Amino acid sequence: MKSIYGVTIKQLEQYFIDKKEGKFKATQVFEWLYKKKVTSFKDMKNVSHKTIDDLTKDYEIKPLKIITKKIGDDVAKYLFALDDNNKIEAVLMHHDYGESLCISTQVGCNMGCHFCESGRLKKIRNLTSDEMVRQILAVENDLKIRISHLVLMGIGEPFDNYDNVISFIDIINNPKGIDLGSRHITISTSGIVPKIKQFTEYDKQVNLAISLHAPNNKIRNSIMEINKAYPIEQLIEAVKQYVIKTKRRVTFEYIMLKDVNDSKENALELSNLLKGINCYVNLIPYNETSHIEYKKSNKEKIMQFYDVLKKNGINVTVRREFGSNVNAACGQLRSNYEEA
Ligand code: SAH
Ligand code: SF4
């Protein structure tokens, strides 16, 4: 049966129109689901018995099952079981500007980045839009908080599951529902160029982050398989077009891997590559994992890299290290769990 959490308000309006009922019912149902957060159709108090019966017949209303959680000072990490018992994870980060949730978009990932735990476990399937919505609700209900920011940086490649991701954003962005503002949502991609082009035409103001991680094809080919399909020149050209057409700033993520991509020369080459693009670079201290041999760059190396970019006029920040004590990097909780 279809989950009610995967239905957009337009689809729900159509559902009621088809039943010869007022489409305002869609708004009522959305408010019960996402403002009052009931988990049973029967609890929708101002909705008629007939409607409750119809909804019960046609839709499932089922929260995600939390298998384990690890709560740190400013981070909470969740492992969920989907209805078919596949496992995914989400990480909540507490910032002074709000609560930011990082969610998964696929079970596993086929992009095969060499440093990534999620890629080590191949893609089993895409997440449906309701499975993305339910990650938000599960964390909000568990911690009794309201999530203000969302990043699609958990397990999976969002642009390898484009349609479900877009319909998910439609659901959570609706003011009658969770009401997460577009500008507070960030999609991160390893660089699927045709999808970046498609996303350029998307009408919502959702942020785009590119996992660049290297200043040239030689290094990028050695750590990211996707670069062999869409090399850096094509990627940067697509991003430039995105920035021009949307007038939005783009983020480049750059994991600092010891002796792989962290030299002064690499920083200079990166500065030249990005010169003139409305962007900022987020330097990410690599989160080491027991299965993969890459090491993180030391602090001095990261600061030196930072200085070179700064001197060359590139906006740059170093990402605060969240929850390495709770295995917060992409895919780590799940992979540790499967082993145990
Ligand atoms: N597939 C998308 C989104 C999920 S990965 C993408 O690749 O952009 C989200 C981010 O986490 C990416 O920038 C990825 O390179 C990074 N990442 C993966 N493993 C990591 C690790 N062990 N430490 C730090 N960042 C990691
Ligand atoms: Fe997939 Fe992103 Fe991990 Fe690469 S970094 S394997 S694209 S999840």
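For ligands, and for the atoms within them, numbers begin at 1 and follow the listed sequence. The chain is numbered in sequence order, starting from 1. From a predicted model like this one, the values you see are computed outputs, not experimental measurements.
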Does the pair Arg134/Asp83 count as a salt bridge with the N-to-O cut at 4.0 Å?
yes
Any heavy atom of Thr105 under 4.0 Å from ligand 1? The part involved is neither
Can you find a non-hydrogen atom of His213 under 4.0 Å from ligand 1? yes
Atoms of ligand 1 under 4.0 Å from any heavy atom of Ser190, numbered from 1 in the order shown, are 6 (C), 7 (O), 8 (O)
Next on the checklist: With a 4.0 Å cut-off on N to O distance, would you call Lys264 and Asp307 a salt bridge?
Outcome noted: no
* Asked: Going by heavy atoms, is Gly154 under 4.0 Å from ligand 1?
  -> yes
Per-atom filter on ligand 2: closer than 4.0 angstrom to a heavy atom of Gly156 are 8 (S)
Honestly, for Ile255 the part within reach of ligand 1 (heavy atoms, under 4.0 Å) is side chain
Is Ile244 reachable from Ile277 through a run of I, L, V, M, F, W or Y residues, each pair having side-chain heavy atoms under 4.5 Å apart? no
Next item on the list: Give a yes-or-no answer on whether the side chains of Glu157 and Thr105 include a donor-acceptor pair shorter than 3.5 Å.
Entry: no
Check your understanding: Looking just at side-chain N and O atoms, do Asn221 and Asn227 make a donor-acceptor pair shorter than 3.5 Å?
Key -> yes
Nearest heavy atom to atom 18 (C) of ligand 1, choosing from Cys113, Cys116, Cys109, belongs to Cys116
Near Thr189 (heavy-atom distance under 4.0 Å), the atoms of ligand 1 are 6 (C), 8 (O)
Note: Glu157, heavy atoms under 4.0 Å from ligand 1, region reported as both
* Asked: Please walk me through it: do Phe115 and His213 pass ring pair (Phe, Tyr, Trp, His ring centres under 6.0 Å)?
  -> CA-CA 11 Å; Phe115 47 80; His213 307 329; 5.2 Å; yes
One finds that the ligand 1 atoms under 4.0 Å from a non-hydrogen atom of Leu152 are 3 (C)
Counting from 1 in the order shown, the ligand 2 atoms closer than 4.0 Å to a non-hydrogen atom of Met111 are 1 (Fe), 7 (S)
(request) Give a yes/no verdict on whether any heavy atom in Ile210 is under 4.0 Å from an atom of ligand 1. (result) no
Checklist line | Short N/O/S contact of Cys109 with atom 4 (Fe) of ligand 2 (below 2.8 Å) | finding: no
| query | Short N/O distance, under 3.5 Å, between Thr289 and ligand 1? | reply | no
Answer yes when Arg125 and Glu131 have at least one side-chain N-carboxylate O distance shorter than 4.0 Å, and no when they do not. yes
Salt-bridge test for Lys35 and Glu31: reply yes if a basic N is under 4.0 Å from a carboxylate O, no otherwise. no
| said: Closer than 3.5 angstrom, by distance alone: can the side chain of His184 be matched with the main-chain N or O of Ser148 as a donor-acceptor pair? | reply: yes
Is any side-chain N of the basic residue among Glu99 and Arg146 closer than 4.0 Å to the acidic one's carboxylate O? no
Should Lys228 and Glu225 count as an ion pair when the cut-off is N to O under 4.0 Å?
yes
Quick note on ligand 2: atoms under 4.0 Å from a heavy atom of Ser190 include exactly 7 (S)
| ligand 2 contacted by Ser211 (non-hydrogen, < 4.0 Å) | no
Check: If you measure every N/O of Gly156 against every N/O of ligand 1, is any gap under 3.5 Å?
Finding: yes
